[in-house]
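Residues take their numbers from the sequence shown, with the count starting at 1. As the structure is a computational prediction, the values presented were derived from the model and not from experiment.
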Amino acid sequence: MRLVDLKFKPGVDKQDTAYSAGDQRKYVDSDFVRFHYGKPERWGGWQFFPNPNVTVVGVVRDTHSWIGLDGTRYLALGTDRKLYIYSEGKIYDITPIRESQALTNPFETTSGSSTVTVTDVAHNAEVGAFVTFDNGSSTNVVDGIDFNNEFEVLTVPTSNTFTINAETNASGSTASGGGSVTAAYQINPGPSASTYGYGWGTLSWSESTWDEPRSSSSVVIAGRSWSLDNFGEDLIATVLNGGTFIWDTSSGLATRATALSNAPTTSRFSIVSTDTRHLLIFGTETTIGNAATQDDLLFRFSDREDATDYTPVATNEAGSLRITDGSRIVGAIKSTGQILVWTDTSLHGIQFVGTPFTFGLRQLAANAGLIAQHAAIEVNGKAYWMSDNAFYLFDGVAKKMPCSVQDFVFDDISYTNKNDIAVGLNTAFNEIIWYYPSANATQIDRSVAYNYLEGTWYTNSLGRTTWLGAYVYEKPIATEYDSTATANATSILGLTAGASFVYEHETGNNQADGSAITAFLETGSVEIADGDQLMSVSKLVPDFDNLANTMTAQLTLEQYPQSAANVTTSGTITNTTEKISVRGRGRAVKIRYTTNSVDDTSWRLGSQKLQIRPDGRR
């Protein structure tokens with residue numbers, strides 16, 4: 001009997017059948033397993049960041065880190081409902097204030113109820129928005145309820161009233177109380193996920209009942225997203241189809257972001273030109289300040305070193321350009337010598353050319369659009385992105401990337417929620433990771449990784465709404481949304497569920513709550529003999545590094561590709577296991593390795609050898 005080294009190739013191939021992949025010595029499935037230096041190894045763990053666990057309101061859609069002039073590190077997190085800054089162990093709410101109103105006796109209470117009606121003519125508040133009341137003193141108590149707090153808007157019965165949950169039952173009933181109060185309204189929230197839009201004006205005319213909203217639609221309302229960047233040491237934050245804001249670092253962490261002076265009020269996203277310090281705002285207004293003039297293909301750029309000047313004159317470098325290929329600008333990233341910007345159908349390059357034109361625009365690719373605002377990334381002078389049906393690379397020329405898991409990803413993706421897709425970079429393992437929602441999901445629940453140095457692909461069941469590489473912080477920072485959790489980062493009365501956890505990845509070997517990470521790796525079906533010949537398998541010789549706990553090895557001996565008479569046998573592997581005795585016969589064999597142990601190490605698989613000999617049919 002002889003030992004046969006199976007010699008599997010790195011990466012996972014889901015394009016071929018198990019038999020076809022096995023013939024080429026490929027793996028066909030995995031979870032929480034990456035390929036590094038050509039060999040499979042277990043993913044690292046993650047822990048809460050900061051630790052102990054702090055959660056923020058809403059689903060995080062963009063993160064950005066930078067260092068202030070004094071060396072202080074900052075991490076910005078934009079959610080569908082809030083804007084936060086994390087710095088040196090604490091999280092601060094810097095959500096911009098939309099407007100402040102002076103009110104007189106606005107509160108109506110009902111004895112025994114925690115629901116309070118607030119009267120403010122033309123308040124423009126939406127359900128889920130946040131408002132802070134202050135009467136200038138330490139307390140403002142009406143029927144046992146202190147209204148000097150931040151509240152979430154519970155319902156909006158009319159344009160002049162809304163309700164809040166005070167979390168304390170009123171001891172009496174008051175029609176109008178509270179005295180002189182200032183109401184500070186934060187910017188209204190957006191959808192937590194992309195959804196189909198229903199109502200009037202969707203689909204074709206005269207296809208539904210008169211005076212009834214449309215019951216179905218192909219119009220997608222995009223989930224709330226942010227674009228975050230730093231202009232010097234200050235934060236620039238643009239909310240999707242909303243305003244652009246600035247947070248001044250020098251004003252301190254207790255201050256909120258404010259509207260950027262003279263900037264457009266309705267835009268898709270923004271980015272700072274690193275070389276020239278212009279602020280570029282995309283999908284913006286043709287007439288600044290008039291939201292009705294928003295043009296999804298127009299972008300404006302400020303004067304050099306001045307993010308508040310957008311009026312082009314002979315003495316400055318402000319201006320605007322319009323892209324002509326596509327229906328909307330989707331996203332942009334900084335690259336070597338230029339800014340790459342995508343529409344839904346094309347790729348373009350923006351380069352600084354100096355006065356009088358400031359920036360030049362040229363098309364770099366057609367039929368290679370971007371699937372989502374945060375689905376493109378630049379690594380070592382090359383850009384990688386995800387389109388509606390493939391992955392692409394730009395290294396001077398746009399190329400469609402060969403992908404061994406392409407059908408698995410694009411045949412089971414939620415195109416309704418595609419706007420929420422996010423990409424991240426894990427430089428320690430040369431990985432680009434796209435996080436996306438599967439077909440029946442409303443939030444991101446899967447990921448696909450590409451090792452850009454080794455050219456290998458693999459998939460994962462890990463869902464993260466954002467992933468920030470180890471740029472300012474030592475480890476990657478990622479976020480996960482839980483629609484049933486309630487945030488604890490700030491004290492808000494009447495706060496409803498929906499919160500994000502912030503994690504530091506590649507830390508330890510467990511999940512943040514201390515539970516085990518289940519990892520598995522499965523090979524294709526390898527023919528163990530040539531021709532129509534059965535072989536007997538009697539031994540598996542494992543080869544692992546850093547295996548601290550128990551691994552299960554399951555071998556399936558197959559007669560034919562579609563045979564129901566397969567024989568499955570399994571055994572356990574530890575760091576002292578020399579061999580696993582097996583008893584079975586077949587024409588092909590596939591192996592599945594599984595670990596599910598707390599505090600397991602990041603094991604690494606070397607060679608796989610089977611002891612086989614010819615066998616008969618009986």
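The closest donor-acceptor contact from the side chain of Gln373 to the backbone of Gly331 lies at 3.5 Å or more, if one exists at all. Without hydrogens or angle criteria, Trp66 side chain to Glu233 main chain gives a donor-acceptor distance under 3.5 Å. Judged by distance alone, the side chain of Asn510 and the main-chain N or O of Asp599 form a donor-acceptor pair under 3.5 Å. Between the side chain of Asp295 and the backbone N or O of Thr286 there is no donor-acceptor pair closer than 3.5 Å. Side-chain N or O atoms of Asp445 include one that pairs as donor or acceptor with a backbone N or O of Ser438 at under 3.5 Å. For Ser447 (side chain) and Ile433 (main-chain N/O), no donor-acceptor pair under 3.5 Å exists by modelled atom type.
Screening residues 235-262 for ring-ring contact (aromatic ring centres under 6.0 Å, His included) gives Tyr74-Trp247 as the qualifying pairs, with residues at least two apart or on separate chains.
With values rounded to the nearest 0.5 angstrom, Glu167 atom CD is found 8.5 Å from Phe151 atom CZ. Atom CD1 of Ile350 is separated from atom NZ of Lys334 by 12.5 Å, given to the nearest 0.5 angstrom. With rounding to the nearest 0.5 angstrom, the OG atom of Ser414 is 11.5 Å from the CZ atom of Arg446.
Here the two rings, on Tyr473 and Phe49, have centers that are under 6.0 Å apart. Between Tyr86 and Tyr92, the ring center distance fails the sub-6.0 Å criterion.
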| request: Determine, step by step, whether Asn149 and Thr132 satisfy the side-chain contact (heavy atoms from CB on, under 4.5 Å) criterion, reporting the C-alpha distance in whole Å, the side-chain angles of both residues, the deciding distance to 0.1 Å, and the verdict. | output: CA-CA 6 Å; Asn149 284 292; Thr132 302; over 6 Å; no
| task | Please report the C-alpha distance between Asp229 and Ser270 in whole Å, then the side-chain angles of each, then the deciding distance to 0.1 Å, and finally whether the side-chain contact (heavy atoms from CB on, under 4.5 Å) criterion is met. | result | CA-CA 8 Å; Asp229 205 349; Ser270 61; 6.0 Å; no
| Does the pair Trp226 and His64 meet the rule for a ring-ring contact (aromatic ring centres under 6.0 Å, His included), with working shown? | CA-CA 10 Å; Trp226 289 84; His64 176 68; over 10 Å; no
| Going through the distances and angles, do Glu474 and Arg73 end up as a salt bridge (Lys or Arg N to Asp or Glu O under 4.0 Å)? | CA-CA 12 Å; Glu474 291 76 14; Arg73 297 185 299 181; 3.3 Å; yes
| request: Determine, stepwise, if the pair Arg277 / Glu305 fulfils salt bridge (Lys or Arg N to Asp or Glu O under 4.0 Å). | output: CA-CA 5 Å; Arg277 294 251 293 185; Glu305 299 284 350; 2.9 Å; yes
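The aromatic rings of Trp467 and His505 sit tilted, their planes meeting at an angle between 30° and 60°.
Taking all atoms of both residues into account, the shortest heavy-atom contact from Arg224 to Asn188 is NH2-O, 3.1 Å.
Electrostatic pairing of Asp80 and Arg61 does not count as a salt bridge here, judged by no charged N lying under 4.0 Å from a carboxylate O. The pair Arg304-Glu317 counts as a salt bridge, with a side-chain nitrogen and a carboxylate oxygen less than 4.0 angstrom apart. Salt bridge Glu152/Arg81: present, at least one basic N to carboxylate O contact under 4.0 Å.
Residue Asp70 places its CG atom among more than 12 non-hydrogen atoms of other residues, nucleotides or ligands, all under 6.0 Å distant.
Remark: Asn426 engages Glu431, Glu506 in a side chain to side chain donor-acceptor pair (under 3.5 Å) (not counting sequence neighbours).
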